[in-house]
Number of protein chains: 4
Amino acid sequence: MTERHDRRQALVHAAFSAIAESGFEGFRLRPIAAAAGIDHSTLHHYFRTKADLIAAVLEHVTSQFEATMHTDLDPATRLRQHLREIATAVTQRPELFIVLDELDLRARRDGSTGADIERDEQGWRDALTAIFTEGVARHVWSTDLDVAASVELVIATVKGIRLRPDRAESVVNQLCDLFSPERPHA
Amino acid sequence: MTERHDRRQALVHAAFSAIAESGFEGFRLRPIAAAAGIDHSTLHHYFRTKADLIAAVLEHVTSQFEATMHTDLDPATRLRQHLREIATAVTQRPELFIVLDELDLRARRDGSTGADIERDEQGWRDALTAIFTEGVARHVWSTDLDVAASVELVIATVKGIRLRPDRAESVVNQLCDLFSPERPHA
Amino acid sequence: MTERHDRRQALVHAAFSAIAESGFEGFRLRPIAAAAGIDHSTLHHYFRTKADLIAAVLEHVTSQFEATMHTDLDPATRLRQHLREIATAVTQRPELFIVLDELDLRARRDGSTGADIERDEQGWRDALTAIFTEGVARHVWSTDLDVAASVELVIATVKGIRLRPDRAESVVNQLCDLFSPERPHA
Amino acid sequence: MTERHDRRQALVHAAFSAIAESGFEGFRLRPIAAAAGIDHSTLHHYFRTKADLIAAVLEHVTSQFEATMHTDLDPATRLRQHLREIATAVTQRPELFIVLDELDLRARRDGSTGADIERDEQGWRDALTAIFTEGVARHVWSTDLDVAASVELVIATVKGIRLRPDRAESVVNQLCDLFSPERPHA
DNA sequence: TATGAATGAGAATTCATTCAT
DNA sequence: AATGAATGAATTCTCATTCAT
């Protein structure tokens, strides 16, 4: 049983790496099976179709993004911390975000992929909305702040740095600074 | 000669549309040739290889982004206008940005695509840098503003809305508001 | 032991139905095992190979045709009754005859199937020969009657209606009428 | 153009022979292509799918059965001649009838095959009906004769001898004799 | 007896590309 | 410039069978 799980995991990992490296364009099953050390027909024992394997990769990826949202008192700090963690992750595990980008693009054509991704994104959106809403309520941010637009801005920005680990940190810092200008002295 | 040019254009357009619709994963030459009304082997008279056709699509796409930067006096207005134009384009010609996203992802694997895209992006980066630099010089923005990070933030944000035409406008507005808070009254 | 027998029977029945429905062209072991509620590899405990299972189906089919020849006095009546019974069977259990037809066709390629079927057919041929021989002896039919040819005619006709339950009855009646014209009046 | 036709013909012939020899159960495209001396992928240039090739085989087979019905004066002679020609064909070109039998069996599962075969059979049925009807009108046969049943009997008998070239002649003769008893001399 | 894992051979089909015409 | 024929390598997926448990 655990062996079965191991093989499956090995296949998912191999598929994940392959997508990270070559995208879906060149994504073929045989090399995946080979990387896991099994015959390519055995792969179908674990994943009936290519789509099933891709679905498993998607699940693997999204499972890595389980909410790491903190519950500090200060919403501004929470936002900053959250974005810094993302920036760190982009830097340390760039493949994760590359594959996510590939999946995002693929979601447009593949309904079920789209649904899974959308569900995941909605969870994230809700968390961000909570931060901004609380921030406005506590007068951390102006009551004029367009919460929905701010949330989408954050999301867009994060998506925009997924392929740019080198710039991730400075970009999220700059975004946080715009929301909550550091008043260093005084 | 002009006929030849027309045929090439027809092929490039067909390829562009196909990529916009199905991405590179499902990008096949035969349907492209069929869409242009020619035999699939004739396509090779115009583009020796598949890669050549893709390169032509890339060129077609980037040629659509020739800098439409205005030269108003006020840098803040220039920025806002520029981003609004982008948001409008994303809304009105979403395929253009979808294909750009596909190409961006592909650039990681394909050196020459990467170079072309990078060159293009650099032009854009320079223009944005000029705006922010001037804005700081003219005290539109604080001298503390991190110009480079601001430029990357703008770029990241725009990239992040490429697949979301519906949110494009509100996101860029929100970003501009953060840079230059509208102070409506007083 | 009886359990084992039951399982075997279940498998044979499932195989029989599958062949009746889709012929040998689409005959696969896995669905058979599934229909019998067992794993497809367990099937090999009961039938070592696919051919073994097919042989069992053949046996099952031929066992259904144990001579039900009557021993009335009148050969003509015997013939008519025999053919009517066949026509009824074709109507009521068409799958039996469909599978028989499939097996007949297959016999050409598969030696052992051929032998089994041939043996069965010979028994039938003998019974028919007995009827016609007796009929000629008793002057039910002309002494000019070609007994062997008549037997083959009957066999051919029956084979010819195996896929046509709807016409079975009228065809066998017509054949009997030709052999023994009903002289209803006078 | 004629070359193209030749290749197609060669493929159809090779397919025909393969089916005659091994039936549909073992019918694979690669050996067909090999027999025609081409790469197996080239086969798809001529027949997009396996089903297309089978359809061409079916057409080839049915085209061999274009009505060879004579227009002698005597219906009984016409019937006898017709059946003798069939018996001769079964003897001389047994594969034709074997393949026909295979197709007949296959027709049950494959709608389009079924339609084609049915259309062909209907033509034959019409011709036979004409013979019997005329025979009854001319008092060659009793007015009591069930024309429809007689037609079906002939059809069934012919189908029943398709796999038995050796018995074909004696069976059809016997059938004719039953319809029109030879009254030798006297 | 029963299973699930594994295999290897092979299935139809697709695709970019080349070549002769 | 244009075509259709041809290729060969590759693709996903299937299947009967075996083996260890």
Side-chain angles (χ1 to χ4, degrees), chain A residues 1 3-8 11 26-33 36-54, chain B residues 1 3-8 25-33 36-54, chain C residues 1 3-4 6-8 25-33 36-54, chain D residues 1 3-8 11 25-33 36-54:
Chain A
M1 188 178 118
E3 263 196 44
R4 169 169 183 98
H5 188 256
D6 287 355
R7 273 285 160 83
R8 272 186 71 98
L11 286 166
F27 182 55
R28 300 293 135 78
L29 295 185
R30 260 193 267 242
I32 305 306
I38 61 173
D39 189 273
H40 71 275
S41 61
T42 303
L43 182 148
H44 290 279
H45 190 60
Y46 294 94
F47 300 98
R48 218 165 48 72
T49 67
K50 190 179 187 177
D52 288 349
L53 176 55
I54 292 176
Chain B
M1 186 180 119
E3 257 195 52
R4 171 167 183 97
H5 186 258
D6 286 356
R7 270 288 159 78
R8 275 185 69 99
E25 201 182 343
F27 182 55
R28 301 293 134 78
L29 292 187
R30 266 191 258 243
I32 306 305
I38 61 173
D39 188 274
H40 68 277
S41 58
T42 304
L43 182 150
H44 289 276
H45 283 281
Y46 296 93
F47 301 97
R48 215 167 49 73
T49 68
K50 191 179 186 178
D52 289 349
L53 176 56
I54 292 175
Chain C
M1 187 183 119
E3 260 196 49
R4 174 172 181 93
D6 286 355
R7 271 286 158 79
R8 272 185 70 97
E25 201 183 341
F27 183 55
R28 302 293 136 77
L29 293 186
R30 266 190 259 242
I32 305 305
I38 61 174
D39 189 272
H40 68 277
S41 58
T42 305
L43 182 148
H44 289 276
H45 283 280
Y46 296 93
F47 300 98
R48 215 168 50 73
T49 67
K50 191 180 187 177
D52 289 349
L53 176 55
I54 291 175
Chain D
M1 188 179 116
E3 264 196 48
R4 171 169 181 95
H5 187 256
D6 286 356
R7 272 285 159 83
R8 271 185 72 98
L11 286 166
E25 198 183 344
F27 183 55
R28 301 291 135 78
L29 294 186
R30 265 192 264 238
I32 305 305
I38 60 173
D39 190 273
H40 71 275
S41 62
T42 304
L43 183 150
H44 290 278
H45 191 60
Y46 295 94
F47 300 98
R48 218 165 47 73
T49 68
K50 191 181 187 175
D52 288 349
L53 176 55
I54 292 175

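Proteins get letters first, then strands, A, B, ... in listed order; numbering begins at 1 in each.
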So, using side chain to side chain donor-acceptor pair (under 3.5 Å) as the criterion, who are the partners of A/Arg48 when residues are at least two apart? none
D/Leu53 CG to E/dA11 C1', in whole Å, measures 15 Å
Nearest whole Å is fine: how far is E/dA11 P from D/Ile54 CD1? 14 Å
For E/dA2, what is the paired nucleotide under Watson-Crick or G-U wobble rules, both distances under 3.5 Å? F/dT21
Of A/Phe47 and D/Gly37, the one whose closest DNA chain F nucleotide lies more 5': D/Gly37
Considering all heavy atoms, the nearest B/Glu25-B/Arg28 contact: O-NH2, 2.8 Å
Which nucleotide, if any, forms a Watson-Crick or G-U wobble pair with E/dA9, using both distances under 3.5 Å? F/dT14
Considering all heavy atoms, the nearest A/Leu11-A/Ala36 contact: CD2-CB, 3.5 Å
Distance from B/Leu53 atom CG to B/Tyr46 atom OH, nearest 0.5 Å? 13.0 Å
Whole angstroms only, please: what is the OH-C1' distance between A/Tyr46 and E/dT7? 12 Å
Which value, rounded to the nearest 0.5 Å, describes the distance between A/Arg7 atom CZ and A/Thr42 atom OG1? 8.0 Å
Reading nucleotides 14-21 of chain E from the 5' end, what letters show protein touch, with B for base, S for backbone sugar-phosphate only, - for no heavy atom under 4.0 Å? BBBBB---
Whole angstroms only, please: what is the CD-C1' distance between C/Glu25 and F/dC15? 15 Å
In whole Å, I'd like the distance from the CG atom of A/Asp52 to the C1' atom of F/dT12. 13 Å
Pairwise distance CG(A/Leu43) to NZ(A/Lys50) - rounded to 0.5 angstrom: 11.0 Å
What's the CG-P distance between A/Asp39 and F/dC13, to the nearest Å? 15 Å
Nearest 0.5 angstrom please: B/His45 NE2 to B/Arg8 CZ, how far? 13.5 Å
Rounded to whole Å, how long is the line connecting atom CG of A/Leu43 with atom P of F/dC13? 9 Å
With a 4.0 Å limit, can you tell me whether A/Arg7 has a side-chain N or O closer than that to the phosphate oxygens OP1/OP2 of E/dG4? no
